[in-house]
Amino acid sequence: MQRYTEGQYTNWQKISLPKNFSLERTLTCGQTFRITEKGGTFIYVRGQSVIALRTEKDGLLFSVYGENISKEKLKEILGINDDIERINRELIKRVPQFAKVIDDTLGIRIMRQEPFETAISFIFSVQSAIPLIRRRLDALAKIAGKEIETPFGTFNLFPASSALKSLSKEEIKSLKLGFREKWFEEFTEKYDEKKMNVIAKLPFEEKEKALLKIKGVGIKVAHCIMLFSMNELSAFPVDVWIKRGMEKLFGIKGTTQKITKEGRNLFGPFAGYAQEYIYFYMRR
DNA sequence: TGACAGGAAAATA
DNA sequence: TATTTTCCTGTC
């Protein structure tokens with residue numbers, strides 16, 4: 001086990017705080033799951049790192065345990081490099097009445113995560129609420145991920161694909177995935193990082209088609225994977241909250257497929273941001 | 001304790 | 001091709 005103790009390794013680094021950035025909203029709006037908060041400090045377990053984050057008056061402080069993450073990489077992960085003013089202007093230009101939704105949800109950024117962890121997270125998410133998804137991911141990490149001790153507690157990192165390929169039936173059963181179990185098994189058996197990286201670089205339509213071939217990945221999960229881990233800001237994942245929001249705000253209703261298409265047409269290249277705003281707006 | 005929440009896949013029309 | 005049914009765990 002890798003151990004870190006307070007003082008010795010707690011090495012806070014600082015990023016100047018961007019305008020219109022909310023650490024809390026970004027981390028807790030359902031795009032990522034392994035987050036805990038203690039006294040204003042957020043602990044975000046991601047890939048092979050544990051990242052502690054807190055905002056102060058003039059900056060964002062962070063310290064990393066496990067695999068190192070540079071300042072630049074962290075800014076990318078948190079969507080800080082996105083030109084949010086321009087994105088919001090573009091959304092309002094297309095849909096003027098959306099300004100009030102943006103006002104209420106300001107500060108959310110689209111995070112940039114890894115396809116492997118994101119795909120498993122959203123296969124786990126099918127017909128499930130956020131706390132349940134999180135418990136499943138923690139259970140999986142506990143079984144197959146490396147343990148790491150930090151000043152903030154002990155965590156298990158996300159398992160490597162090789163570790164998931166060698167899980168026993170009993171271990172898989174213990175995750176209580178229900179009908180998602182066979183999808184998870186097939187995904188880990190077939191997973192090939194190189195192939196996933198190729199998919200990540202395909203044009204939007206081909207990318208969507210390739211993801212939909214994965215068992216357990218339908219249109220909503222495919223759009224989550226594209227938006228949160230493949231840099232497709234026009235992806236528009238439609239779940240029950242987005243269905244409710246699209247009907248309430250715009251009178252648009254119908255199948256997931258129809259709302260996905262209409263949402264993308266309505267909001268354009270940054271539809272993914274609009275989607276996160278609607279999600280947060282409807283759940284708050 | 002039965003109703004309800006939550007997407008994908010398979011079955012059916 | 002479009003709609004309906006089934007799948008499972010957990011909460012209230």
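Below, all heavy atoms of this structure are taken into account, side chains as well, without hydrogens, waters or symmetry copies. Computed from a predicted structure; not experimentally measured.
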Strictly under 3.5 Å: I want the nitrogen or oxygen pairs between protein and nucleotides 9-13 of chain B, one per line.
{"residue": "B:dA9", "atom": "OP1", "partner": "A:G216", "partner atom": "N", "Å": "2.5"}

Whole angstrom is fine here: how far is it from [atom1] in [X] over to [atom2] in [N]?
X      : N     : atom1 : atom2 : result
A:R283 : B:dA5 : CZ    : P     : 13 Å
A:F184 : B:dG7 : CZ    : C1'   : 18 Å
A:I219 : B:dG7 : CD1   : C1'   : 12 Å
A:E208 : B:dA8 : CD    : P     : 11 Å
A:F179 : B:dG6 : CZ    : P     : 13 Å
A:K182 : C:dC7 : NZ    : C1'   : 6 Å
A:E181 : C:dC7 : CD    : C1'   : 12 Å
A:L177 : B:dA8 : CG    : C1'   : 15 Å

Discussion item. When you compare the side chain of A:D138 with that of A:K142, does any pair of heavy atoms fall below 4.5 Å?
Written reply: no
Discussion item. Between A:P269 and A:R94, is there a side-chain heavy-atom distance shorter than 4.5 Å?
Written reply: yes
Looking only at side-chain N and O atoms, does [Y] offer a donor or acceptor that is under 3.5 Å from a partner on [X]?
X      : Y      : result
A:Y277 : A:D104 : no
A:Q113 : A:T32  : yes
A:S121 : A:R34  : no

Worksheet item: Taking only residues two or more places apart in sequence or in another chain, which ones pass side-chain hydrogen bond (donor to acceptor under 3.5 Å, both in side chains) with A:E85?
Response: A:N20
Worksheet item: Who pairs with A:K220 by side-chain hydrogen bond (donor to acceptor under 3.5 Å, both in side chains), at least two apart in sequence or on another chain?
Response: none
Discussion item. What I want to find out is whether A:D239 reaches A:K243 closely enough, with some N-O distance under 4.0 Å, to be called a salt bridge.
Written reply: no
For the pair [X] and [Y], name the ring-plane relationship: parallel under 30°, tilted 30 to 60°, perpendicular over 60°.
X      : Y      : answer
A:F158 : A:F116 : perpendicular
A:F152 : A:Y65  : perpendicular
A:F267 : A:F250 : perpendicular

Worksheet item: Which ones in residues 254-263 of chain A lie close to DNA chain B, meaning a heavy atom under 4.0 Å from one of its atoms?
Response: none
Item to complete: Check DNA chain B against residues 238-245 of chain A and give the residues with a non-hydrogen atom under 4.0 Å, in numerical order.
Response: A:D239, A:V240, A:W241, A:R244
Worksheet entry | Charged tip of A:R244 within 45° of A:W241 ring normal and under 6.0 Å | yes
Practice prompt. Flag this pair as yes if the NZ/CZ of A:R284 is under 6.0 angstrom from the six-membered ring centre of A:Y281 and inside a 45 degree cone about the axis; otherwise no.
Written response: yes
Response to the item:
Contact check, residues 112-137 of chain A vs DNA chain C, heavy-atom distance under 4.0 Å, returns A:L132, A:R135
Practice prompt. State which of B:dA8, C:dG10, C:dC8 makes the closest approach to the side chain of A:K176.
Written response: C:dG10
Worksheet item: Where do A:F122 and A:F33 land on the ring-ring contact (aromatic ring centres under 6.0 Å, His included) test, with the steps shown first?
Response: CA-CA 10 Å; A:F122 285 95; A:F33 304 99; 5.3 Å; yes
